[in-house]
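Here the structure is laid out as structure tokens; the discussion comes afterwards.
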Amino acid sequence: MRMGMDYYPEHWDRSMWEEDAKLMQDTGVSLIRVAEFAWSRLEPTEGNYDFEWLDDAIDTFARHGIKVVIGTPTCTPPNWLVKKYPDVLPIDAQLHPHYPGVRGHRCFNSPSMRHYSFLIVEKLALHYKDHSAVIGWQIDNEFGLHECNCEHCNTKFRDWLKDKYSSVENINAAWGNVVWSGEYSEWSEITTPLGGNRAKNPSYLLDYKRFETDSVVEFQQLQLDILKKHCPNHFVTHNIWSYPMSLDYYKLGEKLDFVSLDYYPSTSPEKDVTSGYSGALTLDLTRGIKRQNFWIMETISGPPGCWMPMWRTPYPGFIRAYSWQCIARGADTIVHFRWRSAPSGGEQFWHGLIDHSNVPGRRYEEYRGLCDEVNRLAPLLEGTQVKGKVAILHSHDQYNAFQGQLQSDGMDYFENIKTLHRAFTKLGIMTDVLSENEDLTGYKLIVAPSLFLLDTALASKFDEYVKNGATLVVLPRTGVKNPNNVCWIQPLPGPLSESAGVTVAEYDPIGKDKNSINWNNKSYSCSQWCDILTPQGAEPVARYEDDFYAGKIAATVHTVDKGKVYYLGTFPEESFYSDFFKDVADTLGLTYIPNLPEGVQVSIRSNGEKQYMFLLNLSRKQQTIQLEQSYYSVLNNKDIAQELNMNPYDVEIVELL
Ligand code: GLA
Ligand code: ZN
């Protein structure tokens with residue numbers, strides 16, 4: 001477990017490196033990430049590699065006990081490369097190249113891009129494979145999907161489709177191209193989406209997204225293979241951007257040693273409490289990519305800006321508390337972005353830890369204290385993991401399918417996951433947020449938000465979990481389509497109807513209008529969607545209170561062997577989830593913390609022998625928590641009372657016996 005800094009030696013005069021390295025060492029920093037945008041310095045002209053400056057920088061930091069992660073610079077192809085080999089540039093929907101200036105100007109399928117990336121990564125790998133300070137690699141920077149319509153992408157897309165469907169006739173059948181005369185008679189008629197108007201065939205658009213992910217994964221794999229070949233003792237990771245995301249992070253993460261996350265919680269006072277909860281979800285999602293601990297490769301150390309008017313400066317305690325939140329949810333190393341604010345370039349005002357003044361200030365002092373704490377507790381926390389008690393399912397495919405076809409005004413797949421996850425976080429119940437393709441054996445409670453695309457294979461997997469004792473919670477828009485994004489011709493929830501013991505007689509996409517449901521003699525408002533249910537063996541548990549379907553069934557429960565399936569036919573307000581999950585937790589014997597104050601989060605890291613409970617007040621308010629007993633805080637080396645008062649952004653870590 002290390003504390004690290006993103007450092008850009010190429011932004012500073014060499015005379016500053018030594019001073020920076022010394023101050024970092026004094027601060028407790030033992031790692032830097034370098035070079036991920038430095039291609040024009042590493043290869044100033046074609047084939048002329050210059051690593052002397054990077055050697056010097058790495059050696060300077062190494063002399064201060066600081067290890068190094070090298071970022072491969074392929075997110076920023078230099079000007080000579082794009083000028084000489086224009087196929088490097090992605091082509092937008094108007095068939096214009098995306099010119100350099102703002103990074104990310106590379107087509108993942110461009111032969112020149114792949115060739116020159118291969119060369120520079122190989123040179124770097126061979127050069128640094130035995131350097132004692134270099135411990136690992138970050139490939140590229142924050143991959144994402146950026147539609148490219150170049151000839152190479154067109155050819156590769158057709159090849160991808162040939163692999164999947166063999167013939168255009170099969171595509172016509174699988175996508176239902178008969179509608180609007182969309183049938184293809186030969187391969188050359190198929191193109192990239194040129195902007196991908198949402199009214200285009202959804203099956204085509206979804207397959208294109210999958211193709212885009214595969215292109216990124218292939219591009220990454222090219223680098224991964226070189227790095228693994230020459231540097232077998234180094235780890236290889238990638239720093240993902242946040243959620244929601246079209247790029248399938250599960251596929252991206254498959255071959256990496258671990259995943260890293262760039263984490264920028266909002267500093268806005270209005271988002272004071274919500275950003276902690278969305279952050280908790282982001283961290284749980286990241287841990288779920290490979291079902292293992294992860295790194296934070298960038299996180300906030302000053303007011304962000306440039307891409308938007310600057311955000312508020314992190315409130316006292318914010319930098320520290322949010323770093324602990326990352327560790328509390330499975331991060332093993334925290335790298336802050338960045339040591340000092342950039343003197344020039346597009347991100348001058350995305351502030352680093354130290355301002356342009358170059359005078360370490362309040363944020364620096366807070367960070368220094370954090371380094372002391374993390375370094376002191378690292379031996380205790382090393383090897384500990386986070387294990388959730390509840391599984392919430394997430395899928396980039398479902399997200400992309402919903403993004404392509406908005407279901408009702410305000411219905412948002414990812415926002416709904418946030419609400420569900422927040423309800424658990426507020427109850428102090430840790431969740432693992434996992435791909436629907438994972439093995440979920442062992443979870444007593446599985447929450448499956450809107451399995452829009454659902455085939456019988458996936459449905460029977462859920463049947464099995466339920467028969468073996470799991471409780472499954474299903475939400476509206478489940479079982480609507482097959483994985484090709486074509487509607488099932490059968491009552492909803494399609495392949496899950498039997499285990500849910502219910503069918504949808506009619507639905508009302510009410511969007512931002514409101515209805516309400518009555519559950520356990522209490523009324524809860526609901527919106528977005530209303531399924532009117534007909535039980536087929538299930539018991540009604542909630543009814544609508546309004547509109548022409550007042551009194552009709554809104555939610556059911558079906559007992560199947562040892563387990564149960566709840567079908568919730570609408571999206572109720574958050575307090576419903578809170579009451580409902582408490583009720584389910586009681587039945588399943590899952591413990592929760594009633595009355596956890598807003599903004600206070602609790603989680604546990606354990607290694608089988610020892611358990612450490614993290615208590616975080618991620619809010620600007622003083623909060624009081626009722627604990628089961630008094631504890632000793634290993635973080636602050638003091639006893640903490642059963643009735644614990646926490647100041648804004650306070651953190652406590654206790655060892656559970
Ligand atoms: C991302 C990038 C960084 C930097 C930060 C701040 O996370 O990876 O290079 O641009 O955002 O904007
Ligand atoms: Zn392309």
Side-chain angles (χ1 to χ4, degrees), residues 5-8 10-11 32-39 69 71-77 82 85-93 95-98 101-114 117 138-160 191-194 208 211-212 214-216 218-219 237-243 245 260-267 282 286 295-311 314 335-342 344-353:
M5 269 290 162
D6 294 310
Y7 190 71
Y8 298 88
E10 69 277 21
H11 296 180
I32 51 171
R33 180 200 61 180
V34 296
E36 81 279 12
F37 300 123
W39 198 335
V69 175
T72 69
T74 50
C75 182
T76 45
V82 300
Y85 308 97
D87 67 286
V88 161
L89 298 177
I91 303 296
D92 71 15
L95 299 179
H96 298 146
H98 174 100
V102 182
R103 60 209 171 158
H105 50 283
R106 74 297 196 217
C107 161
F108 298 113
N109 291 316
S110 145
S112 305
M113 186 60 204
R114 288 188 172 198
S117 299
Q138 169 192 301
I139 293 180
D140 205 283
N141 192 75
E142 291 185 348
F143 283 130
L145 301 187
H146 310 290
E147 183 187 304
C148 174
N149 298 285
C150 78
E151 54 165 312
H152 302 288
C153 285
N154 270 288
T155 309
K156 293 270 296 191
F157 183 40
R158 286 178 203 125
D159 290 347
W160 187 93
T191 67
T192 53
L194 292 160
Y208 178 73
F211 159 75
E212 282 191 287
D214 287 353
S215 302
V216 175
E218 210 176 280
F219 181 75
T237 186
H238 171 75
N239 59 328
I240 59 165
W241 180 232
S242 201
Y243 289 86
M245 194 30 117
S260 300
L261 169 73
D262 294 348
Y263 182 49
Y264 291 99
S266 169
T267 53
T282 302
T286 306
W295 276 28
I296 297 294
M297 198 59 98
E298 299 180 14
T299 188
I300 192 164
S301 61
C306 281
W307 302 93
M308 64 276 168
M310 284 181 234
W311 293 1
V335 185
H336 278 73
F337 185 87
R338 50 185 276 166
W339 176 245
R340 193 188 299 107
S341 308
S344 58
E347 274 197 344
Q348 285 164 310
F349 300 112
W350 193 291
H351 290 79
L353 184 64

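For reference, positions follow the sequence shown, starting with 1. First listed ligand is number 1; within each ligand, the first listed atom is number 1.
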How far is [atom] from its nearest protein heavy atom, and which residue and atom is that?
atom	answer
atom 9 (O) of ligand 1	Arg103 NH1, 2.8 Å
atom 12 (O) of ligand 1	Glu347 OE2, 2.5 Å
atom 1 (C) of ligand 1	Glu142 OE2, 3.1 Å
atom 11 (O) of ligand 1	Glu298 OE1, 3.7 Å

Which heavy-atom pair separates [X] from [Y] by the least distance, and what is that distance?
X	Y	answer
Ser301	Pro314	C-CG, 4.5 Å
Tyr208	Glu147	OH-CG, 3.4 Å
Tyr263	Thr299	O-OG1, 2.7 Å

Item to complete: Determine whether Arg106 and Thr76 make a side-chain contact, defined as any pair of heavy atoms from C-beta on separated by less than 4.5 Å.
Response: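 Of all side-chain heavy-atom pairs linking Thr76 with Arg106, none is under 4.5 Å.
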Worksheet item: Does Tyr8 reach the side chain of Arg33, with side-chain heavy atoms less than 4.5 Å apart?
Response: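 In short, these two side chains touch, coming nearer than 4.5 Å.
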Discussion item. Between His152 and the Zn ion (ligand 2), is there a contact where an N/O/S atom of the residue lies under 2.8 Å from the metal?
Written reply: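 Of the N, O and S atoms in His152, none lies under 2.8 Å from the Zn ion (ligand 2), which means no.
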Item to complete: Round to 10° and report the angle made at the Zn ion (ligand 2) by SG of Cys153 and SG of Cys150.
Response: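 Seen from the Zn ion (ligand 2), SG and SG are separated by roughly 110°.
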Item to complete: Please work out the angle at the Zn ion (ligand 2) defined by atom SG of Cys148 on one side and atom SG of Cys107 on the other, rounded to 10°.
Response: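 With the Zn ion (ligand 2) as the vertex, SG (Cys148) and SG (Cys107) sit 120° apart.
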Item to complete: Please lay out, stage by stage, how Asn154 and Asn149 fare under the test side chain to side chain donor-acceptor pair (under 3.5 Å).
Response: CA-CA 7 Å; Asn154 270 288; Asn149 298 285; 5.6 Å; no
Worksheet item: Is it true that Met297 lies under 4.0 Å from ligand 1, counting heavy atoms only?
Response: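 No, Met297 has no heavy atom closer than 4.0 Å to ligand 1.
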Fill in: Of Glu347, Glu298, His351, His11, the residue whose pairing with Arg338 passes side-chain hydrogen bond (donor to acceptor under 3.5 Å, both in side chains)
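Passing option: His11.
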Fill in: Point-to-point distance, once rounded to the nearest 0.5 Å, from OG1 of Thr237 to CG of Leu261
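Between atom OG1 of Thr237 and atom CG of Leu261 there are 10.0 Å.
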Practice prompt. For ligand 1, note which part of Arg338 has a heavy atom under 4.0 Å away: side chain, backbone, both or neither.
Written response: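 It is neither part, as no heavy atom is under 4.0 Å.
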Which of the ligand 1 atoms, numbered from 1, are nearer than 4.0 Å to a heavy atom of [X]:
X	answer
Phe337	3 (C), 4 (C), 5 (C), 6 (C), 9 (O)
Phe37	9 (O)
Asp262	7 (O), 8 (O)

